[in-house]
Undergrad: 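Got a structure for you, questions after.
Below, each value reflects all heavy atoms present in this structure, side chains not excepted, and no hydrogens, waters or symmetry copies.
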There are 2 protein chains.
Amino acid sequence: MTVMLENASGAPRYMALAEALRARIAGGDPAIGELLPTEHALCETYGVSRHTVREALRLLAEAGLIARRRGAGTVVVAAEARAHFTQRLGGVDDLMQYARDAKLQPRHTRSGPLDAAVARAFGVATGGEFFHVAGVRGRPGETPIALTDVYIRADIAPPVETIVEMGGSVTEWIASERGVPTARIEQSISAGALTEREAEPLDAEPGEAALRTRRRYYDKGGRIIALSDSVHPGERFTYDMVLMREAE
Amino acid sequence: MTVMLENASGAPRYMALAEALRARIAGGDPAIGELLPTEHALCETYGVSRHTVREALRLLAEAGLIARRRGAGTVVVAAEARAHFTQRLGGVDDLMQYARDAKLQPRHTRSGPLDAAVARAFGVATGGEFFHVAGVRGRPGETPIALTDVYIRADIAPPVETIVEMGGSVTEWIASERGVPTARIEQSISAGALTEREAEPLDAEPGEAALRTRRRYYDKGGRIIALSDSVHPGERFTYDMVLMREAE
DNA sequence: CGTGGAGCTTTGTCCGGACATAATCTGCTA
DNA sequence: TAGCAGATTATGTCCGGACAAAGCTCCACG
């Protein structure tokens, strides 16, 4: 029994077959956990070559709908591929969006437990030993663009002299020098008015609108690597991002 | 001249070839922007079938290193597949981060070409027919959280009555009802002070700090679907995002 | 000199075949 | 009845061939 593939749009045959199978799966035939017909059976049912069937199945596998196992067959693992958008960043430096020579110039440093007000601002637990660096970030000779507080887990923090030389993120240094790569970053962005204490080192006016970015960096085991809090006077910094719809 | 593929690990031939080509590209041979040898040439150089070459090239294309064009050849677009961080969103509604019942309440609508000031603010070309909706977004009975201007390409814009009913993004409607899915979104986030004109419909004070998000939505062909500009008084909205390190 | 069309080049689709590898099933023996 | 070995099943790798579609180049004509 041969089933004709519907192909009104002139798409390649393997795409038409993938679509036909996607529709079957969405309708529960076969259901999640059940086996799709074998490649050989699909060739006969749809009247196409094994090459075409394999290409169609590859598309479905890439979409996450099926899993194929040599000797066993092809099992349905999801009923629908969910369209999603993805923002890709090469590294943490891309996330920070500062020019490479916009270095963090420390104004003061301090070691100790994370205090309650800071922990509350980040929504994390108090305690733990952290190395706190407060400073401004900007290019030499230019108005600073950010006032930043970074709290780095003390056991993996770099020496101060190293921080001074860094143009980019301390977490990239920790990844390469301490062997602790960042696995997850949580960032929040908000707007607020600069306090008098914040405005001064930024050469800005108290009450001026500012963009605040707070980040929590976690390692693979879910342990905090670092926290950062940066505030930027409004016209000095815009946060840009590009999201692409992921091919299914 | 046939080059033997190094394959100490027993990997399939197409993977060994992909790795050999990856190494060549990383070494600048060919460089970014240059053409890789043709499929036919690679078959001869490496002593494998066209099928094997195509599989290897598919891997490289999926890794983002090359782009293949029928009739033209295969161009190198990146020298290295870089470890990267990825933010995944289920859909545009996740990007917007408004509660589902925080609907856009239109205050006025207008059709016409995109004027120069608006085009300049978005960094896009003037002209084109757009349907402009200006309104506030918020939950019923609560203080509005956003003042929003949306410019929708006129040929695919929904009717006003439909916009009123929408809890989410108009682009999701356009994707399902007009068959024009959003393929790319560019977003910028900045801080600034509310103007008197902006503050009034938001029940806020002029000069108050506000978070501004501007988005450009593009279809698969790079054509604008819609533009949006939203401004949120500072304490009413925080923009949150999570990035995960992607396994390679 | 510029434009359009024809021909050539290069990748994309699709067919068929053969052998390898991993998983499952069946039968036999302890 | 349980475990092991061999056979069968189903996907993975790889070969070869043919034709289609898109891009590029060159040549001729206005």
Side-chain angles (χ1 to χ4, degrees), chain A residues 2-21 24-25 30 33-77 247-248, chain B residues 2-21 25 30 33-77 220-222:
Chain A
T2 301
V3 177
M4 299 306 298
L5 286 173
E6 288 201 8
N7 193 7
S9 62
R13 213 169 294 175
Y14 71 94
M15 283 191 183
L17 176 57
E19 185 48 45
L21 294 175
R24 276 183 57 174
I25 289 167
E34 288 176 1
L35 287 177
L36 214 58
T38 64
E39 292 177 358
H40 181 248
L42 292 172
C43 293
E44 301 207 326
T45 301
Y46 292 97
V48 292
S49 75
R50 188 176 168 222
H51 174 93
T52 303
V53 165
R54 293 186 59 76
E55 280 294 303
L57 294 180
R58 183 176 60 80
L59 290 183
L60 294 179
E62 285 177 358
L65 297 189
I66 61 174
R68 307 165 73 184
R69 285 172 47 215
R70 199 187 301 194
T74 300
V75 64
V76 175
V77 295
E248 297 199 352
Chain B
T2 300
V3 177
M4 297 306 299
L5 286 173
E6 288 201 6
N7 191 7
S9 62
R13 213 169 294 175
Y14 71 94
M15 281 190 182
L17 177 56
E19 184 49 44
L21 294 175
I25 290 169
E34 287 176 2
L35 286 177
L36 213 59
T38 64
E39 292 177 359
H40 181 247
L42 291 172
C43 291
E44 301 205 328
T45 300
Y46 292 98
V48 293
S49 77
R50 189 175 168 222
H51 173 93
T52 303
V53 165
R54 294 186 59 75
E55 280 293 303
L57 294 180
R58 183 176 61 80
L59 290 183
L60 294 179
E62 285 176 358
L65 296 188
I66 61 174
R68 306 165 75 184
R69 286 184 30 227
R70 200 187 300 196
T74 300
V75 64
V76 175
V77 296
K220 205 162 37 169

Undergrad: What one-letter contact string describes nucleotides 7-14 of chain C from 5' to 3', where B marks a base within less than 4.0 Å of any protein heavy atom, S marks contact via sugar-phosphate atoms alone, and - marks no contact?
TA: --BBBBBB
Undergrad: Tell me: CG of B:Leu59 to C1' of D:dT13, nearest whole Å?
TA: 13 Å
Undergrad: Mind checking what makes side-chain hydrogen bond (donor to acceptor under 3.5 Å, both in side chains) contact with B:Thr52, not counting sequence neighbours?
TA: B:Ser49
Undergrad: Run the side-chain contact (heavy atoms from CB on, under 4.5 Å) test against B:Glu62 and tell me which residues pass, sequence neighbours left out.
TA: A:Arg58, A:Glu62, B:Arg58, B:Leu59
Undergrad: Nearest-Å distance, CD1 (A:Ile66) to C1' (D:dG12)?
TA: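 So the CD1-C1' distance, A:Ile66 to D:dG12, works out to 14 Å.
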Undergrad: For B:Ala41, check side-chain contact (heavy atoms from CB on, under 4.5 Å) against everything at least two apart and list the hits.
TA: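 side-chain contact (heavy atoms from CB on, under 4.5 Å) list for B:Ala41, sorted by chain: B:Pro37, B:Thr38.
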Undergrad: So, using side-chain contact (heavy atoms from CB on, under 4.5 Å) as the criterion, who are the partners of B:Glu39 when residues are at least two apart?
TA: B:Arg50, B:Val53, B:Arg54, B:Leu57, B:Arg68
Undergrad: Taking all non-hydrogen atoms of both residues, which atom of B:Val77 and which atom of B:Gly64 are closest, and how far apart?
TA: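 That would be CG2-O, 3.2 Å.
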Undergrad: Can you measure from CG (B:Leu21) to CG (B:Leu65) and round to the nearest 0.5 angstrom?
TA: 10.0 Å
Undergrad: For the atom pair CD (B:Glu34) and OG1 (B:Thr74), what is the distance rounded to the nearest 0.5 Å?
TA: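 One gets 13.5 Å once the value is rounded to the nearest 0.5 Å.
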Undergrad: Could you write out each protein N or O paired with an N or O of nucleotides 6-8 of chain D at a distance under 3.5 Å?
TA:
none

Undergrad: Looking at B:Ala18 and B:Leu60, what are the two nearest heavy atoms and their distance?
TA: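 In terms of heavy atoms, the two residues are closest at O-CD2, 3.7 Å.
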